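Remarks on the structure that follows.
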Amino acid sequence: MNSSQSTTGSKKRKIKAESDTTVTNKNESSDSEDDIALSKRRKITPLKKEDVKKPLKKTTKVKKEEDEKPATKRKKAPTKVKEEKVSKRKKKVEEEVEVFRWWDNEKEDDSVKWTTLEHQGPYFPPEYVSHGIKMKYKGEPIDLVPECEEIANFFAQVIGTDWAENPTFRKNFFKDFQKVLKKKMPGCPIKKFEDCDFTPIAEYFAEQKEKRKAMTKEEKEVIKKEKQEIENKYGWALLDGRKEKVGNFRIEPPGLFRGRGEHPKTGTLKRRVYPENVTINIGENATVPPPPEGHKWGKIIHDNTVTWLAMWKENVNDSFKYVWLAAGSSLKGQSDFKKFEKARELKKHIDQIRAEYTLELKDKLMATRQRATALYFIDKLALRAGNEKGDDLADTVGCCSLRYEHVTLEPPNRVIFDFLGKDSIRYYNEVEVSKQVYKNIEIFKRPPKKEGDMLFDRLNTTILNKHLQKSMKGLTAKVFRTFNASYTFQEELKKTVKNSTINEKLLAYNRANRQVAILCNHQRSVSKNHSDQLKRIQDKILTSKYQRYLVSKEMLEIDPTLKKKKPEYGRLSRGITKEFIKNYEEKELEKKKAKLEKDNEKRKAEGKELLTLKDLEEKKRQPTLERLEKQYDTLSKRIKAQQLLLIDKDENKTTALGTSKINYIDPRISAAWCYKYNVPIEKIFNKSLRNKFKWAVEVDENFVF
DNA sequence: ACTGTAACTTAGAAACATTGGT
DNA sequence: ACCAATGTTTCTAAGTTACAGT
């Protein structure tokens, strides 16, 4: 499924060798900016504990940010329907919205998450409506009852994608399809997947899609309005009397499970969820939302030690699904804040921890040695903890669950990691490690250990985390990822040049972001036309190279002795084929002709005589060596720039910056950077990130992670 | 220690919306 | 003005961790 993995995954990344085990105290270098005039500083309320003692006001009334849509969009409303809607929306925007400033007043104990809680329950997808389009079996149209037709639809929707070709997906789908057929349509002739033809349904869906695309503005408006109404109703909860946004209030619709990687259950039917399957969690005195007609809630509870509003059990993997508040809510914000504070606390202990595990790498107890080695990787490479998984899940690993075959040794001290991690994303990394670590891996891989065996057979995440708690309260393996990501980011940001332009600063910001994303191995699949884009740039590079070659040849014509000093002159680069040259010359000729025509038109108007290509050739003045050298130089520079762009583009195409920005990098680092370098926060945090991080943007420019 | 349950964060893909270059 | 590139939001899968029970 992850086609991107297998093909392009082998980018080599190197991390610095042993030198950085000698832990330098880079933490306290709080190079503050004393040289900024106070007037220039942004006035902000610093987030310091001493200042936190103003508990009088818990909430502040503020005007909600104006709707950021450009006004032009609104003016375009040609119909009455829209006019009306626009004015309504405006009114809503101008309403005063309460912002709960929980960060002014930290709570120590957060085991109780709320005292009152009201909400509308989850929103259920509409019941299935039959379309009556018949799939074919052995070429014959087949009548299906709605329950079966719906499942046939699920497969039809997948036709044309990789899923439809995936054998496991097909097998699991057909098994479940048959189960339902047998129950709902006894005696149904459908027996073999290969004889099924879902294309009539697929074609029907394609038509529907076209129709939807061709809808008029008015029709689209109506749909949008309906959607908005659902959001208005189900999208909000009242938590301790405050209006807070609900995240995923929609019950997941039925469909075929799309597991990632080689998931054994991919294609399995994910059944429709009914109110009877759902537990509602709500305040004791709150009105329980009415379940859809003719249904009852599975259970109603009033547990204020948890944050979910509704819960159900899903049938494919037997796991729970929850309805939670949105990322910008106070509950999520508070736990985010706690997460980063914990990571910052690790900073105080990290030297000690590193010293300890470095010692323990040589411990005579194998279990201790393994623990130390695993911790070394978690710390240095930001690997995930790596819980053991059942064989009804995709075979992926993290640090503790690494197996023999995932790690190879290359003398004298290189370790090569190659395994599938979370979401079956490939982790490939060549790392130089300390002699001791290298030796340890050698020992852990010693026969009779073989492929399929655990590398750390005396270790699991529970043992590791238990041990970590001894160094710091609440410390677990995942804190290292947060810590190292945020810390790396802060260090990388120091490369920002003070007096550069905003764009250059943003480039520095994104570079730092990318370093973190690379550290955490955050990848994204390469877009379909990515190779086209690269080819275009590569073509430009080749063109420049060929031009440079032509220039160098001219130089050699003037002074053949140059060849001795500059052997690269007159040498064609690899990749420049005869075809390429032919192509290039043709294009050049075209260009010349076009230009000539244009010039001649002008000349005609001015009454001058017309020119031919030959005339141009003769008119060209003889270049000097000096001039040619300059040209050669310019071209070389251009080639370099283009090659950089190529690398940049390629790396960005496979690296996803969002995940680290959202989950790993302490937003206060970003905010402080903005203030320090005078970059508007909107340039780095979009609307939803500003909302998610509203607790963080109030730091001052001297914030140090 | 081992297993299963529960609750939460983290993750990439896909759908959808906006922007900006020709 | 069009449409491809890019950015944002939604969706839900896949992790981590704590903890209860055995």
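None of these values were measured; they are calculated from a predicted model. The chains referred to below are lettered A, B, ... by the order of the sequence lines, with proteins before strands, and numbering in each begins at 1.
- Using a 4.0 Å heavy-atom criterion, one finds that A/S319 contacts no nucleic acid atom at all.
- Between C/dA13, C/dA18, C/dG15, one nucleotide has an atom nearer to the side chain of A/T476 than all others, and that is C/dA18.
- The aromatic rings of A/F169 and A/F155 are tilted relative to each other, their planes meeting at an angle between 30° and 60°.
- Nearest to the side chain of A/Y664, among B/dA6, B/dA11, C/dT16, sits B/dA11.
- Among the heavy atoms of the strands lying under 4.0 Å from A/K422 is at least one base atom, whether or not backbone atoms are also near.
- A close approach under 4.0 Å does not occur between any side-chain nitrogen or oxygen of A/K687 and OP1 or OP2 of C/dT8.
- The pair A/R403-A/D453 fails the salt-bridge criterion, with no side-chain N (NZ, NE, NH1 or NH2) lying under 4.0 Å from an Asp/Glu carboxylate O.
- The side chain of A/K321 contributes an N or O atom lying less than 4.0 Å from OP1 or OP2 of C/dA13.
- Nearest nucleotide to the side chain of A/K478, out of B/dC8, B/dT9, C/dT12: B/dT9.
- Mapping A/C399 and A/R250 onto DNA chain C via the closest heavy atom, the residue that lands nearer the 5' end is A/R250.
- When heavy atoms are screened at a 4.0 angstrom cut-off, A/F257 is found touching the sugar-phosphate backbone but no base atom.
- Side chains of A/S670 and A/Y509: a donor on one and an acceptor on the other come within 3.5 Å.
- For A/K653, counting side-chain heavy atoms from C-beta on, the closest listed nucleotide (C/dT6, B/dA7, C/dT12) is C/dT6.
- Heavy-atom nearest nucleotides on DNA chain C were determined for A/H263 and for A/L689, and the one closer to the 5' end corresponds to A/L689.
- Using a 4.0 Å heavy-atom criterion, one finds that A/D336 contacts no nucleic acid atom at all.
- Across all strands shown, A/G421 has heavy atoms under 4.0 Å from sugar-phosphate atoms exclusively, and none from any base.
- In this model, the phosphate group of C/dG15 is not approached by any side-chain N or O of A/N387 to a distance below 4.0 Å at OP1 or OP2.
- Regarding contacts with the backbone of C/dT16, every side-chain N or O of A/T461 stays at 4.0 angstrom or more from both OP1 and OP2.
- Listed candidates were B/dG12, B/dT9, B/dT10. Nearest to the side chain of A/K332 is B/dT9.
- Using a cut-off of 4.0 Å between Lys/Arg side-chain N and Asp/Glu carboxylate O, A/E345 and A/K473 are scored as not salt-bridged.
- Comparing C/dA14, B/dT9, C/dT16 against the side chain of A/N317 picks out C/dA14 as the nearest.
- Using a 4.0 Å heavy-atom distance criterion, A/T462 is classed as making no nucleic acid contact.
- In the model, A/K389 has a side-chain atom that pairs as donor or acceptor with a side-chain atom of A/T396 under 3.5 Å.
- Residue A/K270 places at least one side-chain N or O closer than 4.0 Å to OP1 or OP2 of C/dA13.
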